[in-house]
Amino acid sequence: DSSTSRGLGDVYKRQLFLLYLQKHRLHNAIPNFAHTSGENTMKTQNIGILHPGEMGISVAASAKNSGHSVFWVSQGRSEATRTRAERFDLRELRSLSELCETCSMIISVCPPKYAGELSQQVLRAGFKGIFVDANAISPMRSHEIGQQMALAGVEYVDGGIIGGPDRQPPGCTWRRSIVTMLSLIHI
């Protein structure tokens with residue numbers, strides 16, 4: 001039926017996204033699995049999401065359902081964003097500086113025209129962890145941001161999101177898709 005094929009399409013989009021990130025070294029940076037004796041063991045990290053809007057909330061929910069603590073910055077965000085963050089029990093921080101001090105990884109999911117400025121704000125706030133740029137920006141712009149991050153001692157991961165915002169059907173959970181996503185990280 002069409003709802004099943006639509007659900008499989010969403011899973012397929014997530015799989016493509018993770019394969020893309022894996023190709024760009026995110027599989028070495030993803031903090032939820034550490035290899036020990038050939039087995040995967042859970043390792044919880046503090047992950048910041050900039051921002052849990054319509055696109056970012058799917059990424060935040062995936063990280064949270066994978067056992068991580070997920071943080072967001074409430075300063076300057078809309079009531080709709082606050083409602084989404086509360087619905088998924090994201091941890092609120094009031095400033096970008098707090099987020100940069102608290103998190104070992106920041107995932108940027110924002111409109112492309114704001115990606116460069118947001119990355120600069122993260123650098124000015126003194127972040128020193130892993131910065132995942134999951135925005136739809138050009139390869140040249142990504143290279144520029146990556147160079148700036150490297151000069152500041154930040155590990156940069158160029159990513160991307162394939163498809164539009166996730167639409168959760170009634171009665172469905174995020175868990176089923178997340179398990180599929182996580183299993184692809186170590187292909």
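In what follows, every heavy atom counts, from backbone to side chain, and hydrogens, waters and symmetry copies are set aside.
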Check: Ser66 side chain, Ser62 main-chain N or O, donor-acceptor pair, under 3.5 Å: yes
Can you name the nearest heavy-atom pair linking Gly116 to Arg141, along with the distance? CA-NH2, 3.2 Å
Any His51 side-chain heavy atom under 4.5 Å of Val109 side chain: no
Over all heavy atoms of both residues, which pair between Cys103 and Phe71 is shortest? Give the atoms and the distance, please. SG-CD1, 3.8 Å
Minimum side-chain heavy-atom gap His68-Lys64 below 4.5 Å: no
Donor-acceptor check, side chain of Lys128 to backbone of Ala152, threshold 3.5 angstrom: yes or no? yes
Kindly say whether Thr102 contributes a backbone atom to a donor-acceptor pair with the side chain of Asn46 at under 3.5 angstrom? yes
How about Gln75 and Leu96: do any of their side-chain heavy atoms sit closer than 4.5 Å? no
Find out whether Val157 and Ile130 are in side-chain contact, i.e. whether some heavy atom of one side chain is under 4.5 Å from a heavy atom of the other. yes
The single option from Leu99, Ile57, Thr81, Ile47 passing side chain to side chain contact (heavy atoms under 4.5 Å, CB included) against Trp72: Thr81
Given side chains that start at C-beta, do those of Gln45 and Ser69 come closer than 4.5 Å, heavy atoms only? no
Within the 4.5 Å heavy-atom criterion, are Ile49 and Val73 side-chain neighbours or not? no
Quick one, Gln148 and Gln120 - any side-chain contact, counting heavy atoms below 4.5 Å? yes
Counting distance only, does the side-chain N/O of Arg84 pair as donor-acceptor with the main-chain N or O of Pro52 below 3.5 Å? yes
Can you name the closest pair of heavy atoms from Ser142 and Asp158 and give their distance? OG-CG, 3.0 Å
Hey, is the main chain of Asn135 close enough, under 3.5 Å, to the side chain of Asp133 for a donor-acceptor pair? yes
Is there a side-chain contact between Val59 and Met55 in this structure, where contact means two heavy atoms from C-beta onward sitting under 4.5 Å apart? no
